Chemist: 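One structure is given below, represented as structure tokens, and several questions about it will come after.
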Amino acid sequence: MSALGLKLTLARTVGRALRASGRGGGTSLPGELLLRLEPGALGALGARLAGGSAVISATNGKTTTAAITAAILERAGRRLVYNRAGANMAGGVAAALLAATRPRGAMDGDSGLFEVDEFWLGAVCGQLRPDTVLLANLFRDQLDRYGELETIAGRWAQVVASLPASSALVLNADDPLVADLGRERADVRYFGVEDDSVALPEMQHAADSKHCRRCGSPYHYDSIYLGHLGHYHCPGCGQRRPEPDVRAQQITLHGTDAASFTLLCGSQAQTVRLPLPGLYNVYNALAATALCLTLGLPLELIADGLQHTTAAFGRAETVVLGERTLQIMLVKNPAGVNEILRTLGLEHGQLDVLAVLNDHTADGRDVSWIWDADFELLCPHLRSITCAGTRAADLAVRLKYAGVPAGALAVIPGLAAALDHALAHSQSNRVYALPTYTAMLELRAELVRRGASSPYWRRPVP
Amino acid sequence: MSQTQVLRVCALYPDLMNIYADRGNLLLLRRRCEWRGVGFELSAAGIGEPLDPAGADLYYMGGGQDRDQELCAADLRELKAVALATAAASGAVVLGVCGGYQLLGHAYQLDGRELAGVGLLDVHTVRSDGPRLIGNAAIEPELPGAGGQLLAGFENHAGRTYLGPRAARLGRVLRGHGNNGTDGSEGARQGNVIGTYLHGPLLPKNAWFADWLIATALSRDGLQPLADGLEERAHADALAAAGL
């Protein structure tokens with residue numbers, strides 16, 4: 001056995017034993033061990049994939065975009081090595097590669113597909129040398145962990161500059177910070193939305209990057225679709241939104257269930273009914289489409305795959321609990337929350353909501369961000385809201401100042417009791433759960449204990 | 001005693017200096033005035049706009065990204081420093097949080113450059129090569145009329161701020177890093193000019209301090225109490241998160 005082979009065996013065996021002993025560690029533990037033993041493991045194992053690797057990063061939507069892309073590629077017969085459970089730092093990517101290793105240098109899979117945390121993009125790409133990189137958006141997120149948006153954008157620019165010239169980029173034309181990364185690159189495919197019926201009346205408070213990356217002048221927007229995503233140009237230096245190859249037009253949002261649109265690529269057009277809600281998921285679908293086109297799939301096959309996609313872990317997934325259904329929508333930053341609130345506002349009738357705010361490391365320990373989100377959007381649609389989590393009272397204060405009346409607001413920090421309360425007070429058969437990341441894991445564990453079922457629960461809890 | 005029936009607040013650079021959800025502070029001031037029948041007027045002064053030294057009872061400046069803070073620093077010096085000093089001298093409350101606090105001081109030294117502030121607080125700030133000072137924090141403020149109340153919040157800053165002889169600390173650090181992580185001070189106060197690194201945002205976590213600011217800006221002895229059950233729970237949770 002080679003030196004690398006020994007390290008693979010050791011990392012696999014020790015990682016498995018540690019997980020089995022319950023001494024902590026998640027999906028990525030064997031991968032973290034492997035990277036300790038062999039810092040070059042991502043490059044060495046990635047090179048064994050005959051079809052190369054694609055990497056996906058973004059502030060919002062990377063798990064969903066990766067899940068949509070994976071489903072389409074697998075329907076097309078690709079055998080993926082994929083960090084399916086969403087462990088998206090270097091250790092998680094290494095763990096997915098390690099799990100696919102077979103004797104004598106073989107791999108169980110021909111192509112890599114990895115969602116990567118925006119902070120880890122440089123470390124992963126430097127090692128893995130991906131053939132294709134999809135960068136979908138950058139929003140203000142967990143400042144205590146990620147730092148300023150400009151800092152992340154600067155890091156991404158360095159990552160792009162250090163990619164081999166042969167690497168293909170897939171970029172969001174509507175995000176000026178992201179689109180600008182393609183300026184010096186030869187092989188770039190852009191995607192974007194082209195439908196002013198879904199435009200916002202004005203820039204949201206949480207919008208960032210209002211100033212030109214190149215010259216500092218304020219951008220002029222002809223249309224704003226989501227946060228700072230839209231049709232922009234710089235009156236100072238003339239920088240403008242690139243013409244995208246992959247476009248969505250004639251968009252119709254069907255409440256919290258689905259979105260339909262015309263998917264265009266060049267002169268080809270397909271009508272798609274995406275079984276995921278909201279404009280943000282239209283963006284995720286466009287990103288996945290552009291990536292799959294770059295990976296060589298025909299548009300017809302991609303459009304078919306989009307219609308058969310299912311919700312990713314905790315992202316708009318619907319869980320049946322006795323007579324009731326619970327729709328879980330992960331929340332983690334102002335831009336993401338605003339999109340979810342906007343999507344909830346599409347529903348008719350008054351809504352019952354369970355909102356869970358935790359402040360553990362993975363959620364961001366600083367909960368300031370709830371004040372940047374436009375909870376005011378929810379007020380006209382709300383019948384009851386139960387606040388839970390380690391910072392339940394902070395969330396309740398935010399809602400009180402947004403205009404939610406005291407009678408509609410309950411504060412119950414414990415999740416199980418809060419879930420009981422939300423279910424008992426709902427007058428419809430559906431409750432919307434808006435948990436932060438660790439709260440989402442807790443909520444799913446609680447639902448499993450209660451025997452809840454979901455048609456989509458194929459994934460292990462990470 | 002004359003009682004002003006309207007609180008006039010001016011937000012400085014609200015579209016650039018807002019990184020730590022600073023609008024939460026403004027919303028607390030607005031609602032807590034409205035719920036008491038006190039009028040509330042919000043104006044804004046952005047880049048290139050003059051500042052009226054008699055136009056507000058309370059001037060607020062939040063934090064921004066480095067690049068935005070530099071843009072604002074130049075504009076603040078050129079177009080607003082004199083007016084802000086005049087307002088402060090006539091008793092208006094000036095509150096700076098995080099980057100806004102740094103700009104109320106004399107200067108912020110960054111990588112061999114110096115970003116000049118307006119000098120309303122006798123403090124100066126130095127960018128450190130050390131780690132950013134990040135985390136939940138709690139302080140015991142040294143304010144007239146604070147009545148033993150504490151301030152809780154979240155700090156996240158690379159700059160280390162040092163007090164000169166004319167500035168008092170806003171409070172003593174009970175948990176967290178404070179101005180510089182070494183001398184146990186947090187924030188600064190000189191008359192009604194106040195700076196602090198505590199966001200979270202500051203006022204939703206410390207509703208009593210929102211009332212202190214309103215009362216001070218309107219020269220009132222006290223304000224009608226409000227039903228603050230939720231605010232008090234959030235305050236207690238923020239103190240607990242800081243380890244108290």
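Order of the sequence lines fixes the chain letters, A, B, ..., with proteins taken first and strands second; residue numbering starts at 1 for each chain. Fair warning: this is a prediction, and the values are worked out from it, not measured in the lab.
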Chemist: Taking side chain as everything from C-beta outward and backbone as N, CA, C, O, which of these in Ala236(B) sits under 4.5 Å from a heavy atom of chain A? Side chain, backbone, both or neither.
Modeler: neither
Chemist: Using the rule given for side-chain contact (heavy atoms from CB on, under 4.5 Å), can you reason through Asp366(A) versus Tyr20(B), listing the C-alpha separation, both sets of side-chain angles and the distance that settles it, and then say yes or no?
Modeler: CA-CA 9 Å; Asp366(A) 181 1; Tyr20(B) 293 113; 4.1 Å; yes
Chemist: So which of Leu27(B), Asn18(B), Leu203(B) actually passes side-chain contact (heavy atoms from CB on, under 4.5 Å) with Trp371(A)?
Modeler: Leu27(B)
Chemist: Does Lys400(A) reach the side chain of Pro204(B), with side-chain heavy atoms less than 4.5 Å apart?
Modeler: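 No, side chains not in contact.
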Chemist: Answer yes or no: is there a donor N or O on one side and an acceptor on the other, between the side chain of Arg233(B) and the main chain of Ala393(A), under 3.5 Å?
Modeler: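 Not confirmed, Arg233(B) side chain does not pair with Ala393(A) backbone.
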Chemist: For Asp15(B), which atoms come within 4.5 Å of any heavy atom of chain A: side chain, backbone, both, or neither?
Modeler: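 Contact with chain A: backbone and side chain both.
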Chemist: Under a 4.5 Å heavy-atom cut-off, does chain B meet the side chain of Leu409(A), its backbone, both or neither?
Modeler: side chain
Chemist: At their closest point, which heavy atom of Arg23(B) faces which heavy atom of Ala373(A), and how far apart are they?
Modeler: NH2-O, 3.1 Å
Chemist: Pick one of side chain, backbone, both or neither for Leu16(B), based on which atoms fall under 4.5 Å of a heavy atom in chain A.
Modeler: side chain
Chemist: Under 3.5 Å, is there a donor-acceptor pair between the side chain of Glu150(A) and the main chain of Gln65(B)?
Modeler: no
Chemist: Is it the backbone or the side chain of Arg67(B) that comes under 4.5 Å from a heavy atom of chain A, or both, or neither?
Modeler: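 Just its side chain gets close to chain A.
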Chemist: When you measure from the side chain of Arg140(A) to the backbone N and O of Ile19(B), does any donor-acceptor pair fall under 3.5 Å?
Modeler: yes
